[in-house]
Participant: 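Input: one structure, supplied below.
Below, each value reflects all heavy atoms present in this structure, side chains not excepted, and no hydrogens, waters or symmetry copies. A note on names: the letters A, B, ... follow the listed sequences, proteins ahead of strands, and every chain is numbered from 1.
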There are 2 protein chains.
Amino acid sequence: MTDVIRRRPRQADVAALAGVSQATVSTALGTSPARASLSASTLERVALAARTLGYVPDPVARRLAAQSTDLLGVYTFTDAFPVEVRDSYYPFLVGIERSAARLGYDLLLFTGTSSSRGGEAVQKVRLADGCLFLGRHVPEEQLQQLLDAGYPVVYVGRRTELGGRLSYVGADYVAGAAQVVDHLAGLGHTALLYVRGTDDAVASADREEGFWRAVAAAGLRGQVQRAYASSIDARALQSWRASGVTAVVTEENDANDLLAALLAAADDADVAVPQEMSLAVLGESGGVETAPRVTGFALPRQQMGEDAAALLVDLVTGRRTGPVQELLVPSLLVGETTGPPPPA
Amino acid sequence: MTDVIRRRPRQADVAALAGVSQATVSTALGTSPARASLSASTLERVALAARTLGYVPDPVARRLAAQSTDLLGVYTFTDAFPVEVRDSYYPFLVGIERSAARLGYDLLLFTGTSSSRGGEAVQKVRLADGCLFLGRHVPEEQLQQLLDAGYPVVYVGRRTELGGRLSYVGADYVAGAAQVVDHLAGLGHTALLYVRGTDDAVASADREEGFWRAVAAAGLRGQVQRAYASSIDARALQSWRASGVTAVVTEENDANDLLAALLAAADDADVAVPQEMSLAVLGESGGVETAPRVTGFALPRQQMGEDAAALLVDLVTGRRTGPVQELLVPSLLVGETTGPPPPA
DNA sequence: CGGTGAGTCTGATGCGTATCAGCAACGCTG
DNA sequence: CAGCGTTGCTGATACGCATCAGACTCACCG
């Protein structure tokens with residue numbers, strides 16, 4: 001009598017029942033080309049035995065032997081499930097999950113905070129076939145190691161670190177900025193001011209580039225000014241108006257809310273938006289509860305997630321190779337803060 | 001010359017560099033008690049070698065050998081990241097992630113939809129040390145197999161399937177219902193009507209039990225009626241009033257919105273809520289956009305998630321054993337639909 | 001009848017780690 | 001010096017699967 005409290009059945013058990021070798025079971029149940037050279041009757045017997053025993057392959061062993069788990073890692077540097085539901089990461093995850101599910105992959109969720117052993121923790125993602133990263137943070141050394149080992153990694157969001165070796169699916173801020181500027185040009189504005197924050201993030205630079213390009217293309221007058229939210233007040237606004245500016249665009253900026261400062265300044269200065277001054281943001285206007293719906297552009301977040309996951313799968317399967325970098329074009333959001341310029 | 005494009009370093013490489021055996025490296029780098037019997041100098045040499053080579057343990061191999069991955073599975077039968085952000089599962093996930101992170105576990109996310117091979121798919125969770133399930137669906141056969149193998153499973157939500165062998169962290173609907181009834185009793189109501197749906201879900205039965213218990217404890221008159229949303233109209237409402245009922249409670253019910261039907265009926269019958277008739281729900285009143293904030297109780301969803309994950313970890317580590325069943329008490333939500341009964 | 005090839009299947013091996021029995025060297029006791 | 005316990009390490013093995021180089025059988029051809 002064999003032990004009744006047998007652990008999970010393994011291929012060896014199936015093999016015994018079917019009267020074949022473990023190797024044959026592996027072949028019969030797998031998808032390798034070798035499968036074609038097994039007789040129909042053997043395939044059938046193995047399948048039957050497997051069903052009878054309720055055999056299910058052990059994904060861990062499978063991975064150890066074959067280097068593949070049908071798992072995609074998702075590494076976030078903040079909680080993946082933010083309490084702030086409006087959190088901007090969320091739509092990425094929705095997209096990622098969709099794509100993964102469609103392609104038959106499951107998700108391995110790492111939170112930077114968890115195994116807080118800092119650096120080393122990232123290596124744990126190797127349990128998955130490949131890994132998506134999202135978040136501002138870029139652990140260069142760790143990524144370096146992963147890349148060197150040929151481990152597939154895709155960032156959600158444009159990342160220029162590591163000399164372009166990183167694959168990513170990002171948003172085309174240049175195009176987004178251009179859309180906003182074009183929108184203003186279409187309304188008849190000719191003198192624009194772009195107020196941007198003082199940091200040097202990639203996205204910021206892209207937005208500025210988009211601003212300049214569109215300004216040039218449309219033959220407008222434009223200028224850029226860097227500012228802290230605290231330095232934007234009624235007086236500044238008045239001086240801009242005096243210099244002929246009819247529309248101000250700014251960047252969304254969580255840390256340092258330029259947009260809110262501009263709205264407040266307009267209010268202070270009794271400048272009606274958009275009648276006397278148009279206002280737009282090169283990005284999305286934060287929360288839903290923002291009083292006026294501000295003109296700007298929306299990142300195709302869910303689509304970015306989907307594309308990133310799909311790209312990762314391609315890298316994993318080898319359908320695509322090398323660093324692949326993809327930019328998706330945002331869509332213009334026309335809000336209530338832009339209108340034709342005031343009559344001269 | 002050894003091959004330069006060497007794969008990730010393994011313990012064998014560290015061992016060679018440190019001049020010890022692979023077994024020693026495993027012991028030195030691990031946490032087993034055997035570690036104590038290694039000399040300080042050896043520990044040091046191994047640690048140095050590991051650091052030099054940038055050795056990182058392979059989570060897969062570790063799991064295969066040691067049956068432990070520091071991973072918790074999360075199995076949902078719908079998308080884990082619902083597009084409907086208001087989705088009721090979401091807070092569970094927030095709690096789960098928190099707990100997991102705090103306890104040093106990462107999350108393995110399975111969506112019932114992904115590996116759609118139906119039943120067998122559930123077995124994939126074995127990659128994790130234990131698994132949380134959420135969703136109405138209960139794949140009994142599959143769970144049976146997992147339980148029989150001693151695999152730790154915890155449901156989020158009370159589940160009475162499998163003869164009580166399932167561990168869960170649920171909401172105490174009995175207590176929740178009692179809170180609502182007590183609230184009404186405190187306001188002076190003496191005749192209550194509980195309108196419930198027609199299904200026989202566990203939660204429904206619990207609510208009804210809570211209703212009866214609290215009614216008995218408070219010495220009130222109560223009655224229960226089963227109904228479809230479509231059968232609730234102005235006439236029904238009037239007849240209830242005629243029979244002396246001053247407060248109606250119902251259950252939240254996504255499929256068959258009794259609550260909405262009641263509100264509509266009150267409107268039709270020109271019965272003012274809560275002046276002429278109080279209305280409460282034994283659960284949460286659906287969306288945020290519900291016109292009046294309906295009195296009811298809130299499930300401590302996030303807490304349930306946290307507790308469930310914590311429980312699972314206890315089961316995994318063996319700190320607790322056997323089926324553990326936990327109920328958390330909801331908190332009363334006093335809304336705008338309950339008030340004192342009309343003067344007789 | 002020896003030889004060739006196609007069709008089927010198996011034994012052996014590796015993946016990277018954890019664990020355990022056991023070995024060698026050493027000091028100590030009687 | 002025989003006997004014994006300690007300390008510090010290693011060899012062997014298991015975990016469950018995939019893969020590959022053969023081995024074996026049988027039909028068929030020259």
Participant: In this structure, how many angstroms lie between the P atom of C:dC15 and the CZ atom of B:R62, rounded?
Facilitator: 19 Å
Participant: Hey, could you give me the CG/CZ distance between B:L17 and B:R45, rounded to the nearest 0.5 Å?
Facilitator: 10.0 Å
Participant: Which whole-number value in Å describes the distance from B:D13 CG to C:dG16 P?
Facilitator: 9 Å
Participant: Would you mind reading off the distance between B:D58 atom CG and C:dG16 atom C1', rounded to a whole angstrom?
Facilitator: 6 Å
Participant: Rounded to the nearest 0.5 Å, how far does CD of A:E161 lie from CG of A:L143?
Facilitator: 9.0 Å
Participant: Indicate yes or no for a side-chain donor-acceptor contact from B:S37 to the backbone of B:A34 under 3.5 Å, with no hydrogens or angles considered.
Facilitator: yes
Participant: In whole angstrom, give the distance that lies between atom CZ of B:R35 and atom P of C:dC20.
Facilitator: 17 Å
Participant: Between atom OH in B:Y55 and atom P in C:dG16, what is the gap in whole Å?
Facilitator: 10 Å
Participant: Taking CG from B:L64 and P from D:dG16, how many angstroms apart are they, rounded to a whole number?
Facilitator: 7 Å
Participant: What does the list of N/O pairs under 3.5 Å between the protein and nucleotides 4-12 of chain D look like, with a distance for each?
Facilitator:
residue	atom	partner	partner atom	Å
D:dC9	OP1	B:S39	OG	3.2
D:dC9	OP1	B:T42	OG1	2.3
D:dC9	OP2	B:S39	N	2.7
D:dC9	OP2	B:S39	OG	3.2
D:dC9	OP2	B:T42	OG1	3.2
D:dT10	OP1	B:S21	N	3.4
D:dT10	OP2	B:S21	N	2.9
D:dT10	OP2	B:S21	OG	3.0
D:dT10	OP2	B:T24	OG1	2.3

Participant: Could you check B:L29 against A:A65 and say which one's nearest nucleotide on DNA chain C is further toward the 5' end?
Facilitator: A:A65
Participant: Working to the nearest 0.5 Å, report the span between CG of B:L53 and CZ of B:R10.
Facilitator: 11.5 Å
Participant: Go through the structure and list residues passing salt bridge (Lys or Arg N to Asp or Glu O under 4.0 Å) with B:R158, not counting sequence neighbours.
Facilitator: B:D206
Participant: CG of A:D70 versus C1' of D:dC17: gap in Å, rounded?
Facilitator: 14 Å
Participant: Inspect the contact between B:R62 and B:D70 and indicate whether a charged nitrogen and a carboxylate oxygen are less than 4.0 angstrom apart.
Facilitator: no
